[in-house]
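This report concerns only the one structure given below.
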Amino acid sequence: MKRTHKCNQINSSLIGQEIAVAGWIHRRRDHGGVIFFDIRDEGGLVQVVYNPDLEDTFSIAESCRNEYVVFSAGIVRERPEGTVNDNLSSGEVEIVASDLEILNHSKPLPFQLDEYTSAGEETRLKYRFLDLRRSEMQQNLRLRSNASTYLRDYLNNKEFIEIETPLLTKATPEGARDYLVPSRTFPGSFFALPQSPQLFKQTLMASGFEKYYQFAKCFRDEDLRADRQPEFTQLDIELSFTDADEIMNLITEMIRDVFKKTLDIDLDKFPKITYREAIEKYGIDKPDLRNPLELLEVKSLFKNCDFKVFNDPANDEDSRIAAIRVPNGKSLTRKQIDDYTAFVGNYGAKGLAYIRVEDPSKGKEGLQSPIIKFIEDEIIESLMKNLDAKEGDIIFFGAGKRNIVNDSLAALRDLVAKDLDLLTCEWAPCWVIDFPMFEKNNSGNLTPLHHPFTAPKCSVEDLKIDPLGALTDAYDVVLNGTELGGGSVRIHDQEMQRTVLNLLSIDDDEAEEKFGFLISALQHGCPPHAGLAIGFDRMIMLMTDSDSIRDVIAFPKTQTASCLLTDAPGQAAQDQLDELHIRFHGLEKEE
RNA sequence: GGACCGGUAGUUCAGUUCUGGUUAGAACGCCGCCCUGUCACGGCGGAGGUCGCGGGUUCGAGUCCCGUCCGGUCCGCCA
């Protein structure tokens with residue numbers, strides 16, 4: 001006999017029928033004279049009752065343990081008065097068993113799967129196959145599957161086609177460290193796993209596929225974070241004959257569609273913020289717009305101030321002085337402020353100045369702060385006026401090098417909002433646009449903010465004259481302070497491409513060697529094109545309200561990029577290494 | 001490369017600093033017995049420990065010191 005129903009299909013409409021279920025023993029309750037099983041399958045739970053009058057079946061039930069895999073048949077019956085379980089969808093009924101078969105035994109589990117206990121992540125990852133039985137993980141991966149289905153539907157309906165690109169490929173200049181795969185047939189040569197399919201998708205545009213997408217596995221050998229894995233999935237999209245606005249409209253609609261269909265959430269408008277404005281107001285290019293706090297520029301007020309901590313940055317071009325006014329921040333304790341000071345220290349800030357506003361009508365007397373005694377009365381007065389300080393406010397200041405002030409206050413803004421529960425809504429998407437083309441890295445060289453195939457908004461000539469001033473048609477989509485994805489209008493003109501590469505100190509020979517195929521494609525009738533990629537794992541992480549990207553990936557890696565389930569990476573056999581002509585330097589050979 | 005948090009029973013944790021000291025505890029799980037309406041069933045009893053690993057200080061170390069490994073959060077890195 002086979003199973004006739006999934007557990008979530010069982011309800012009072014089946015009363016009187018003989019049915020059969022199969023699944024795991026989620027819990028057993030042995031009363032000596034009667035035994036209850038909650039049998040779990042991927043749909044849900046159902047209670048099965050074993051009575052002692054069926055001796056054989058009852059004795060099998062007595063021998064069963066949690067997580068045994070069983071088959072059981074019986075009659076669906078209304079539960080006796082007063083024993084209905086409202087927590088189960090099948091809770092009005094139960095199965096009175098006539099048959100029970102053990103399909104597989106189970107050793108006692110290393111950790112419990114119920115929702116009342118929690119296992120550490122190390123244990124969960126080691127026994128990932130058990131962890132994935134838990135309903136939270138089941139729901140996360142099901143939502144992930146649903147979301148990818150809706151996204152595919154959306155794009156397919158708009159006449160996109162999905163094309164796969166190779167995993168064994170060549171290093172592309174995305175800036176991250178590559179994962180390398182040695183070639184057997186070309187001793188000493190390596191494939192690189194793609195950091196993204198960027199060059200392939202542009203090549204596909206040259207091939208005349210005008211609307212492309214792909215759920216693409218990407219690999220980056222960099223240090224991990226809660227939202228970063230060495231291999232991850234991008235929804236990669238590229239279109240010909242389009243522009244930035246069309247892409248942003250398409251993606252806005254797509255994201256709203258998937259949120260609606262998956263979670264029944266109506267996302268609000270996606271406001272557009274320029275990069276410059278984002279840095280100015282939030283200190284970061286992926287602002288959490290649920291957070292009402294903003295950075296206020298107060299640099300000009302301190303130009304003639306005697307207080308060195310403020311005066312120096314006020315007169316330095318690369319510095320910034322910004323304030324965050326926290327309404328009702330007076331509830332913050334001295335200890336919290338000390339913690340904040342240590343916190344901004346992580347970002348290189350040397351301290352955290354603050355002013356408590358006790359009574360703004362009393363001028364300086366109504367303020368409490370370790371720094372005001374160093375600052376002239378008139379400056380304080382105009383500062384309070386500029387910031388529109390109100391009773392109960394606390395004002396934090398960041399003063400120093402521009403990037404340190406931005407980084408530390410951006411992080412502080414998030415932390416304070418979290419501690420004081422200031423978020424104004426659940427979902428706040430936005431687009432960040434008008435990114436600069438280049439920035440200077442630590443060694444003073446130009447590096448692309450996005451990547452070197454992003455089209456500047458200016459001409460070749462203007463780009464050469466003022467590369468740091470050039471803006472691009474790049475756009476990032478940001479949700480709740482997380483960068484969901486980004487893209488740009490691409491360069492389709494070989495002259496512009498050469499100029500950009502030359503500005504990055506990549507000469508024609510090197511360009512030819514590294515991505516000659518793209519240059520060649522640009523030379524043979526490549527249409528104007530643009531696209532973007534969505535960080536699919538991150539999107540699912542937000543949709544499931546998970547703290548970590550690992551909770552939406554079936555088999556993730558640890559922070560040191562190992563897999564606790566498979567014990568990967570592992571050693572290679574000597575004959576494999578010999579075939580690849582690989583020998584180790586400076587490594588103690590194990591054993 | 002750096003900062004911080006954690007590692008004690010199968011699991012989740014307490015005990016660890018200020019203050020080292022007899023036999024390292026709890027809960028859940030597990031095992032046994034009892035229990036005919038429970039649903040995180042209940043009752044009684046029991047087993048279960050290389051206190052991550054190595055070294056040091058000490059009469060004595062889970063506890064103090066040094067090193068190291070593993071897991072996590074973050075900075076750097078990464079778009």
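Hydrogens, waters and symmetry mates play no part in the numbers below; they use all other heavy atoms, side chains included. Below, chain A is the first sequence line, B the second, and so on; all start at residue 1.
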Residue [X], side-chain atoms from C-beta onward, closest of [options]:
X        : options             : result
A:Arg228 : B:G71, B:U38, B:C78 : B:C78
A:Gln559 : B:U38, B:C74, B:C77 : B:C74
A:His31  : B:C41, B:G10, B:G71 : B:C41
A:Val34  : B:G1, B:U36, B:C74  : B:U36
A:Glu122 : B:C74, B:A79, B:G71 : B:G71
A:Asp285 : B:C77, B:A79, B:G76 : B:A79
A:Asn85  : B:G71, B:A40, B:C74 : B:A40

Pair assignment for [N], Watson-Crick or G-U wobble, requiring both distances under 3.5 Å:
N     : result
B:U11 : B:A27
B:U73 : B:A3
B:G62 : none
B:U68 : B:G52

For residues 270-278 of chain A, tabulate all N or O donor-acceptor pairs below 3.5 Å that involve a side-chain atom, not counting sequence neighbours.
residue  : atom : partner  : partner atom : Å
A:Lys272 : NZ   : A:Asp245 : OD1          : 3.2
A:Thr274 : OG1  : A:Glu277 : N            : 3.1

*asked:* Could you work out, with salt bridge (charged side-chain N to carboxylate O under 4.0 Å, His left out) as the rule, every residue matching A:Lys335, not counting sequence neighbours?
replied: A:Asp339

*asked:* Going by salt bridge (charged side-chain N to carboxylate O under 4.0 Å, His left out), name the residues that satisfy it together with A:Asp434, two or more places apart in sequence or in a different chain.
replied: A:Lys457

*Using atom CD1 of A:Ile95 as one end and atom C1' of B:U38 as the other, report the distance to the nearest whole Å.*
16 Å

*Round to a whole Å and report the spacing from CZ of A:Arg225 to P of B:A79.*
13 Å

For nucleotides [N] and [M], find the distance between their [atom1] atoms and express it as a whole number of Å.
N     : M     : atom1 : value
B:G32 : B:U68 : P     : 47 Å
B:G48 : B:G37 : P     : 35 Å
B:A14 : B:C66 : P     : 23 Å
B:G60 : B:G21 : P     : 15 Å

_Most 5' of A:Gly82 and A:Gly32 on RNA chain B, judged by nearest nucleotide_ = A:Gly32

_5' precedence on RNA chain B between A:Leu564 and A:Arg177 (nearest-nucleotide basis)_ = A:Leu564

Could you tell me whether the side chains of [X] and [Y] share a donor-acceptor contact shorter than 3.5 Å?
X        : Y        : answer
A:Trp431 : A:Thr252 : yes
A:Asp114 : A:Thr117 : yes
A:Gln214 : A:Thr165 : yes
A:Gln195 : A:Asp178 : yes
A:Asn406 : A:Tyr347 : no
A:Gln47  : A:Arg27  : no

_Can you tell whether the side chains of A:Arg550 and A:Glu121 come within less than 4.0 Å, N to carboxylate O?_
yes

_A:Gly44 backbone acceptor or donor facing A:Asp41 side chain under 3.5 Å_ = yes

Check every strand shown and say whether [X] touches a base, only sugar-phosphate, or nothing at a heavy-atom separation below 4.0 Å.
X        : value
A:Glu94  : base
A:Gln47  : base
A:Pro80  : base
A:Arg40  : nothing
A:Arg27  : sugar-phosphate
A:Gly120 : sugar-phosphate
A:Leu449 : base

When the side chains of residues 65-78 of chain A are checked against the rest of the protein, which donor-acceptor pairs come out under 3.5 Å, sequence neighbours left out?
residue : atom : partner  : partner atom : Å
A:Arg65 : NH1  : A:Glu62  : O            : 3.1
A:Glu67 : OE1  : A:Arg40  : NH2          : 3.0
A:Glu67 : OE1  : A:Arg133 : NH1          : 2.8
A:Glu67 : OE2  : A:Arg40  : NH1          : 3.0
A:Ser72 : OG   : A:Tyr50  : OH           : 2.8
A:Ser72 : OG   : A:Asp99  : O            : 2.7
A:Arg77 : NE   : A:Glu94  : OE2          : 3.3
A:Arg77 : NH2  : A:Glu94  : OE2          : 2.8

*Along nucleotides 26-34 of chain B, 5' to 3', which nucleotides get a B, which get an S, and which get a -, given that the test is a protein heavy-atom distance under 4.0 Å?*
--BSSSS--

Please tell me if [X] has a side-chain N or O lying less than 4.0 Å from either OP1 or OP2 of [N].
X        : N     : answer
A:Thr123 : B:G10 : no
A:Ser488 : B:A79 : no
A:Ser118 : B:U11 : no
A:Arg29  : B:G42 : no

*Check RNA chain B against residues 539-554 of chain A and give the residues with a non-hydrogen atom under 4.0 Å, in numerical order.*
A:Arg550

*asked:* Quick check: any donor-acceptor pair below 3.5 Å linking the side-chain of A:Arg220 to the base of B:C78?
replied: no

*So, does the side chain of A:Arg124 form a donor-acceptor pair with the base of B:G72 at under 3.5 Å?*
no

